[in-house]
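Ligands are counted one by one from 1 in listed order, and the atoms in each one are counted from 1 as well.
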Amino acid sequence: MIKPVLRAVIFDLDGVLTDTAHYHYLAWKRLADSLGIAFDEAANEHLKGIDRMGSLNLILGERAKQYSDAEKLALADDKNRHYQQLIAGITPADLLPGALDALHSVQAAGLKIGLASVSKNAKAVVERLGIMALFDDIVDAATIAKGKPDPEIFLAAAAHMQVVPTECLGVEDAIAGVRAIKAAGMTVLGIGDPAVLREADRVIAGLHQFDLVDYLY
Ligand code: G6P
Ligand code: MG
């Protein structure tokens, strides 16, 4: 089979370009503790890539039924306020090792660069990281009906950049994100633990191990 050429790389943000995945964890952990709900890093793994209300429902579990929609919104707002305090101090120094080099290598190769994060705070984080100008497209999470693992957000990024999905590489640290990229028909690069991201085509520990040559067919 002849593989298509690579024309675009679509990055997730939290946990791929910067360590905001940890800030999301800290903010959810404080909320879970205040509600007396057990929550740890292992439980958090299943929240990665899942939108705000979806994450809250997973944390509440069986108890989700005890809360009205308005109460759940208040809890989610509370988490978000805390999260926004945690990300307020982000600077370009918070880019993960290798992230800037990876973005520059993709740009230098003449490929498009997209961002597919379901976070409503993504643009603010990208702005603070000082990398806004590197992206050809940043999908606005507010325009996405279905979160990861649905492929919608990755397909939207490809469509905006006028690239067919099979010519895209998606980069993700979340199980839900890996599934979304797969479902979009793109090649998947997982960032993290190969035992967790089993469904990815390839897994590296971080973007410091990223070499675009590995994906240029
Ligand atoms: C990303 C993170 C999730 C987070 C989601 C929504 O996908 O991986 O942990 O819940 O964004 O973020 P938001 O900033 O909109 O609450
Ligand atoms: Mg992520």
Colleague: Within the 3.5 Å criterion, strictly below it, is a donor on Lys79 or His24 matched to an acceptor on the partner's side chain?
Modeller: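 Looking only at side-chain atoms, His24 and Lys79 do form a donor-acceptor pair, the distance falling under 3.5 Å.
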Colleague: Looking only at heavy atoms, is any part of Ser119 under 4.0 Å from ligand 1, and if so is it the side chain, the backbone, or both, or is it neither?
Modeller: both
Colleague: Hey, are Asp77 and Arg81 close enough for a salt bridge, meaning a charged N less than 4.0 Å from a carboxylate O?
Modeller: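 Salt bridge between Asp77 and Arg81, a charged N being under 4.0 Å from a carboxylate O: no.
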Colleague: Does Lys48, backbone or side chain, put an N or O under 3.5 Å from an N or O of ligand 1?
Modeller: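 In this structure, Lys48 places no N or O atom under 3.5 Å from an N or O of ligand 1.
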Colleague: Are there over 12 heavy-atom neighbours, none belonging to Gln209, within less than 6.0 Å of that residue's CD?
Modeller: yes
Colleague: Quick check: closest heavy atoms across Val106 and Ile113, and the distance to 0.1 Å?
Modeller: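 In terms of heavy atoms, the two residues are closest at CG1-CG1, 3.6 Å.
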Colleague: If the cut-off is 4.0 Å to any non-hydrogen atom of Ser55, which atoms of ligand 1 fall inside it?
Modeller: 10 (O)
Colleague: Going by heavy atoms, is Ala174 under 4.0 Å from ligand 1?
Modeller: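 Flag not set, Ala174 not near ligand 1.
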Colleague: Check the surroundings of atom NZ in Lys29: do more than 12 heavy atoms from other residues, nucleotides or ligands lie under 6.0 Å from it?
Modeller: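 Yes, NZ of Lys29 has more than 12 neighbouring heavy atoms, counting only those of other groups under 6.0 Å.
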Colleague: Tell me whether Asp201 is salt-bridged to Lys182, with the criterion being a basic N under 4.0 Å from an acidic carboxylate O.
Modeller: yes
Colleague: Tell me: protein heavy atom nearest atom 10 (O) of ligand 1, and distance?
Modeller: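 Here the closest protein heavy atom is Ile50 O, 2.8 Å.
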Colleague: Looking only at non-hydrogen atoms, find the nearest pair between Met186 and Phe154 and report the distance.
Modeller: CE-O, 3.3 Å
Colleague: Note the single closest protein heavy atom to atom 2 (C) of ligand 1, along with its residue, its atom name and the distance in Å.
Modeller: Asp14 OD2, 3.4 Å
Colleague: So, with waters excluded, how many protein N/O/S atoms does the Mg ion (ligand 2) have closer than 2.8 Å?
Modeller: 3
Colleague: Should Asn80 and Asn121 be marked as a side-chain hydrogen bond (donor to acceptor under 3.5 Å, both in side chains) after you check the CA-CA gap, both sets of side-chain angles, and the distance that decides it?
Modeller: CA-CA 9 Å; Asn80 192 48; Asn121 294 294; 2.9 Å; yes
Colleague: Counting both backbone and side chain atoms, is some N or O of Arg52 under 3.5 Å from an N or O of ligand 1?
Modeller: yes
Colleague: Side-chain contact test, heavy atoms from C-beta onward, threshold under 4.5 Å: evaluate it for Leu129 versus Pro92 and give yes or no.
Modeller: no
Colleague: For Asp69, look at atom CG and say whether over 12 heavy atoms of other residues, nucleotides or ligands are found less than 6.0 Å away.
Modeller: no
Colleague: Could you tell me the residue and atom name of the protein heavy atom closest to atom 8 (O) of ligand 1, and the distance to it rounded to 0.1 Å?
Modeller: Gly49 N, 2.8 Å
Colleague: Run the numbers for me: atoms of ligand 1, each under 4.0 Å from some heavy atom of Asn121, listed by number.
Modeller: 13 (P), 14 (O)
Colleague: Quick check: closest heavy atoms across Ala141 and Ser119, and the distance to 0.1 Å?
Modeller: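 Of all heavy-atom pairs spanning Ala141 and Ser119, the closest is CB-O, 3.9 Å.
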Colleague: Does Lys120 reach ligand 1 with a nitrogen or oxygen that is under 3.5 Å from one of the ligand's nitrogen or oxygen atoms?
Modeller: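 Yes; at least one N/O pair falls below 3.5 Å.
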